[in-house]
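Atoms within a ligand are numbered from 1 in the order they appear, just like the ligands themselves.
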Amino acid sequence: MFFALDHPQATDAMKPAIWHILGAGSLGSLWATRLHRAGLPVRLIVRDAARLAAYQAGGGLTLEHNGQRRTYPIEAQTLDSDEPIERLLVACKAYDAERAVRALTGRLAQGADVLLLQNGLGSQQAVADAVPHARCVCVSSTEGAFRDEDWSVVFAGQGFNWLGDPYDPAPPDWLNDLTASGIAHQWTPDIFARLWRKLALNCSINPLTVLHECRNGELLDHAQEVETLCAELAHLLTRCGQSEAASDLHAEVLRVIEATAANYSSMHQDVAQGRRTEISYLLGYACDVAARHHCPAPALYRLRERLIGYLKARGLRTD
Ligand code: NAP
């Protein structure tokens, strides 16, 4: 008691920072439940009072893993709560990230850590520009999760998380929280290489599975198309100074196609369920960069056109 009264700043310093999780969707829920399970302080941030009331009525977030289901009573709040944020995990889709983070800029402490889970490229820079007083850390995740109902997530695919800050190679001390939570991860000084590689794999596989309305494995019937895309993407990556991400791209794409032969790609699932895709941050981003670098990419441009036409015909957003 004496210590607490005389040295309030000392007790504050000993408090672990709260993990604020923006977006209680698939990945946000997967991270929130594992961090909470490890005894770390977690707050979910949901859109508005109606979503908060719905969450509170359900009693918490449920995680299903290896057939076991457990519900965790994680505290939640809305975007306009006044609790300051020192550590924010942004778990929205790429097209929602910037707007959602902008709504929190007033709550973000100077030097706060902002972790960006978004697939593809482009949204990370938009968020970083919106919060220049924070440290943005990009995450490239191969974990797989889906919502089986509201406030409930199934951990479907064991994977890995690469984390890195393009402007500062020093690893943050909160990586210990990930270790304590059993979140498989590694810090990398070259996160862009990881993000570009994943983007290239995605561009070589996902749009074709939508256009051919097929599982990943069936792309082996369209081997020439896949090979042409890989060649253009490898050339583009090299032009952008990402030669490591370009290396053996085609061989890895074929390995992924074979290893996930029975699966439908995430873009295929989005389209099948009438959801907006992240096209602008994947294939769209690659095409824009190719145009900016005057890098020939006729197959990529054609693929984007075909995909946009396909989405339009089904009344889905094309951006
Ligand atoms: P998701 O299930 O659709 O979840 C996104 C969540 O963000 C939703 O709960 C949504 O709220 C919330 N949200 C959006 N705008 C918000 C706002 N302004 N305020 C509060 N909440 C907001 O998406 P996801 O599958 O987790 O994907 C997130 C990112 O991770 C994507 O870029 C995806 O490509 C990437 N990723 C996903 C996986 C995976 O297995 N799921 C794997 C690797 C990478 P509502 O529920 O109210 O709409």
Show the atom names and distances, to 0.1 Å, of all donor-acceptor pairs under 3.5 Å that link a side chain in residues 47-55 to residues at least two apart or in another chain.
unit_1, atom_1, unit_2, atom_2, d
Asp48, OD1, Ala50, N, 3.3
Asp48, OD1, Arg51, N, 2.9
Arg51, NH1, Asp150, OD2, 3.0
Arg51, NH2, Asp150, OD1, 3.4
Tyr55, OH, Ile74, N, 3.4
Tyr55, OH, Ile74, O, 2.6

Measure from NZ or CZ of Arg34 to the centre of the six-membered ring of Phe155 and say whether it is under 6.0 Å with the direction within 45° of the ring axis. yes
Can you tell whether the side chains of Glu258 and Arg255 come within less than 4.0 Å, N to carboxylate O? no
Taking the basic N atoms (NZ, or NE/NH1/NH2) and the acidic carboxylate oxygens, is any pair closer than 4.0 Å for Lys198 and Glu278? no
[X]-ligand 1 polar pair, N/O distance under 3.5 Å:
| X | value |
| --- | --- |
| Leu27 | yes |
| Asn119 | yes |
| Val46 | no |
| Leu22 | no |
| Arg147 | yes |

Tell me which protein heavy atom sits closest to [atom], plus the residue, atom name and distance to 0.1 Å.
| atom | value |
| --- | --- |
| atom 35 (C) of ligand 1 | Leu117 O, 3.8 Å |
| atom 4 (O) of ligand 1 | Gly25 CA, 3.2 Å |
| atom 42 (C) of ligand 1 | Glu143 O, 3.1 Å |
| atom 22 (C) of ligand 1 | Cys92 SG, 4.0 Å |
| atom 41 (N) of ligand 1 | Ala145 O, 3.1 Å |

Find out if a path of hydrophobic residues (ILVMFWY) with successive side-chain heavy-atom gaps under 4.5 Å connects Leu208 to Ile279. yes
Honestly curious: do Trp174 and Val139 fall in one hydrophobic cluster under the side-chain, below-4.5 Å linking rule? yes
Per [atom], closest listed option by heavy atom ([options]):
| atom | options | result |
| --- | --- | --- |
| atom 17 (C) of ligand 1 | Ala100, Ala97, Ala94 | Ala100 |
| atom 21 (N) of ligand 1 | Gly144, Gly23, Ala91, Ser266 | Gly23 |
| atom 32 (O) of ligand 1 | Glu278, Arg47, Lys93, Arg51 | Glu278 |

Donor-acceptor contact below 3.5 Å, side chain Thr142 vs main chain Phe160: yes
With no hydrogens and no angle check, do the side chains of Arg69 and Ser152 hold a donor and an acceptor under 3.5 Å apart? yes
Between Thr71 and Thr62: side-chain donor-acceptor atoms closer than 3.5 Å: yes
Of all the atoms in ligand 1, which lie at a distance below 4.0 Å from a heavy atom belonging to Ala24? 9 (O)
State the atoms of ligand 1, each with its element, that fall below the 4.0 Å cut-off from a heavy-atom position in Ser141. 43 (C)
The salt bridge (Lys or Arg N to Asp or Glu O under 4.0 Å) partners of Asp190 (sequence neighbours excluded) come to none
